[in-house]
Number of protein chains: 2
Amino acid sequence: MAFTFQSKHDHGSCIKSALANAEQICADHNQRFTKIRRLVLELIWQSHKPLGAYELLPAIKQAGFNSAPPTVYRALEFLQEQGLVHRISSLNAFIGCSHPGHQGSSCFLICDQCQLAVEVESPVLASAIGDLSAEMGFVIEREHLEIVGKCRHCCSSKTKEVANKSPNIPCG
Amino acid sequence: MAFTFQSKHDHGSCIKSALANAEQICADHNQRFTKIRRLVLELIWQSHKPLGAYELLPAIKQAGFNSAPPTVYRALEFLQEQGLVHRISSLNAFIGCSHPGHQGSSCFLICDQCQLAVEVESPVLASAIGDLSAEMGFVIEREHLEIVGKCRHCCSSKTKEVANKSPNIPCG
DNA sequence: GATATAAAGTTATAATATAACAATTATTAC
DNA sequence: GTAATAATTGTTATATTATAACTTTATATC
């Protein structure tokens with residue numbers, strides 16, 4: 001079941017399926033899912049929050065790997081190429097792909113209070129974008145669709161004024 | 001007439017109307033449209049290509065202003081607050097707003113060959129985004145909708161392989 | 001004209017990302 | 001199984017983008 005800002009969900013199974021998908025996709029693509037790549041994917045999946053590359057470095061160091069920036073950027077680049085990770089450019093941050101292997105437009109809803117983000121696949125959105133591009137003869141190569149606002153929990157919470165600090169739901 | 005990747009258009013009138021709009025909007029908002037703010041807006045409007053902040057610094061220096069980064073970032077921040085400039089986060093670059101004062105979703109079509117970008121307002125897109133957000137109880141604050149690909153000129157051009165270098169239409 | 005406010009100048013540095021080359025590990029060909 | 005090749009990772013250095021903090025100047029308000 002997809003994550004949609006619900007306060008409780010089995011995040012262990014999110015991680016587990018992300019890793020299983022990654023194994024499969026790398027195998028299909030004849031790509032090596034090395035230890036550092038797996039570690040970076042695990043770290044990215046520790047939450048549904050987009051994380052900055054530099055935030056991952058301490059854990060990488062702790063795991064005994066070289067923790068210079070190229071280490072994490074290379075792994076993230078690989079994971080993006082395999083469609084396992086997305087870059088949220090408005091945040092300079094990275095998030096695990098919720099629909100690996102799928103085609104079509106992915107749109108991110110990003111809560112600026114609790115920082116959680118949800119990846120949404122919408123055929124209606126995809127066709128709207130397809131249409132407006134086609135009208136101009138524009139050929140799409142990639143999309144960055146990022147919507148920033150308040151998730152339903154933060155929206156109704158009384159801590160709105162203390163923005164960007166306290167998540168209003170348990171799962172980080 | 002709005003710019004939509006057409007090879008020829010009266011870019012002087014793009015600039016002129018952008019500046020006239022800016023005057024009006026700043027006046028309406030009781031904000032000061034200072035020389036440096038005007039200069040930065042003019043520089044941004046020299047083309048329909050998103051430009052990096054640092055790219056503007058030489059011209060700012062030539063015009064006799066302080067050309068340290070804060071100068072241009074402050075002006076760009078002001079212009080964004082007034083809705084006169086947009087940041088294209090996937091490029092770390094800035095572009096003049098084609099529809100200042102308008103409400104609703106703006107989406108950018110960005111050609112990765114000639115670097116030109118077009119801002120599109122689409123009610124269909126806006127409603128698709130409104131719907132998918134509403135389904136999740138998500139309240140939108142801002143949107144970053146960036147579509148990267150090839151404009152119709154670059155798409156059909158034979159110089160595709162020399163990507164990101166030569167624009168295939170005259171207007172920079 | 002004095003005071004307060006906003007804007008711009010200036011210096012320094014933070015945050016994000018990549019280049020370039022060396023060392024290591026895995027794969028392939030024999 | 002070993003040599004040659006290719007891919008990955010380690011390492012150092014640096015590029016690019018952006019902001020913090022404080023000073024000076026200009027504008028607006030009283």
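Naming convention: chains lettered A, B, ... in sequence-line order (proteins, then strands); numbering from 1 in each chain.
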Under 3.5 Å: donor-acceptor pair, side chain of B:His48, backbone of B:Phe5: no
Under the side chain to side chain contact (heavy atoms under 4.5 Å, CB included) test, residues paired with B:Ile25 that sit two or more places apart: B:His29, B:Gln82, B:Leu84, B:Pro100
side-chain hydrogen bond (donor to acceptor under 3.5 Å, both in side chains) partners for A:Arg87, two or more places apart: A:Asn92
Less than 3.5 Å apart, which donor and acceptor atoms pair up between the side chains of residues 62-71 of chain A and the rest of the protein, not counting sequence neighbours?
{"from": "A:Asn66", "atom 1": "OD1", "to": "A:Ala68", "atom 2": "N", "distance (Å)": "2.6"}
{"from": "A:Asn66", "atom 1": "OD1", "to": "A:Thr71", "atom 2": "OG1", "distance (Å)": "3.3"}
{"from": "A:Thr71", "atom 1": "OG1", "to": "A:Asn66", "atom 2": "O", "distance (Å)": "3.3"}
{"from": "A:Thr71", "atom 1": "OG1", "to": "A:Ala68", "atom 2": "O", "distance (Å)": "3.4"}

Pairs touching residues 116-126 of chain A that satisfy salt bridge (charged side-chain N to carboxylate O under 4.0 Å, His left out), sequence neighbours left out: none
Interatomic distance, A:Leu56 CG vs C:dT16 P [rounded to whole Å]: 11 Å
Set of residues satisfying ring-ring contact (aromatic ring centres under 6.0 Å, His included) with respect to A:Phe108, sequence neighbours excluded: A:His86
Of A:Phe94 and B:Tyr54, the one whose closest DNA chain C nucleotide lies more 5': B:Tyr54
Whole angstrom value for the distance that separates C1' of C:dT16 from CG of A:Leu57: 11 Å
Residues in ring-ring contact (aromatic ring centres under 6.0 Å, His included) contact with B:Phe94, at least two apart in sequence or another chain: none
Degree of bending in the helix from C:dG1-D:dC30 to C:dC30-D:dG1 once both end axes are built from five pairs, to 10°: 40°
First-last contacting nucleotides on DNA chain D - partner chain B, under 4.0 angstrom, heavy atom: D:dT17 to D:dT27
Pairs involving residues 16-28 of chain A, ordered by first then second residue, that meet salt bridge (charged side-chain N to carboxylate O under 4.0 Å, His left out) (sequence neighbours left out): A:Glu23-A:Arg38
Contact pattern, 5' to 3', of nucleotides 6-11 of chain C - B, S or - by protein heavy atom under 4.0 Å: -SBBBB
Can I get a per-line list of side-chain donor-acceptor pairs under 3.5 Å for residues 139-149 of chain A, giving both atom names and the distance, sequence neighbours left out?
{"from": "A:Glu141", "atom 1": "OE2", "to": "B:Lys150", "atom 2": "NZ", "distance (Å)": "2.9"}
{"from": "A:Glu143", "atom 1": "OE1", "to": "A:Ser105", "atom 2": "OG", "distance (Å)": "2.9"}
{"from": "A:Glu143", "atom 1": "OE2", "to": "A:Ser105", "atom 2": "OG", "distance (Å)": "3.4"}
{"from": "A:Glu146", "atom 1": "OE1", "to": "A:Ser90", "atom 2": "N", "distance (Å)": "2.9"}
{"from": "A:Glu146", "atom 1": "OE1", "to": "A:Ser90", "atom 2": "OG", "distance (Å)": "2.5"}
{"from": "A:Glu146", "atom 1": "OE2", "to": "A:Ser89", "atom 2": "N", "distance (Å)": "2.9"}
{"from": "A:Glu146", "atom 1": "OE2", "to": "A:Ser89", "atom 2": "OG", "distance (Å)": "3.2"}

Pairing residues for A:Gln31 by the side-chain hydrogen bond (donor to acceptor under 3.5 Å, both in side chains) criterion, not counting sequence neighbours: none
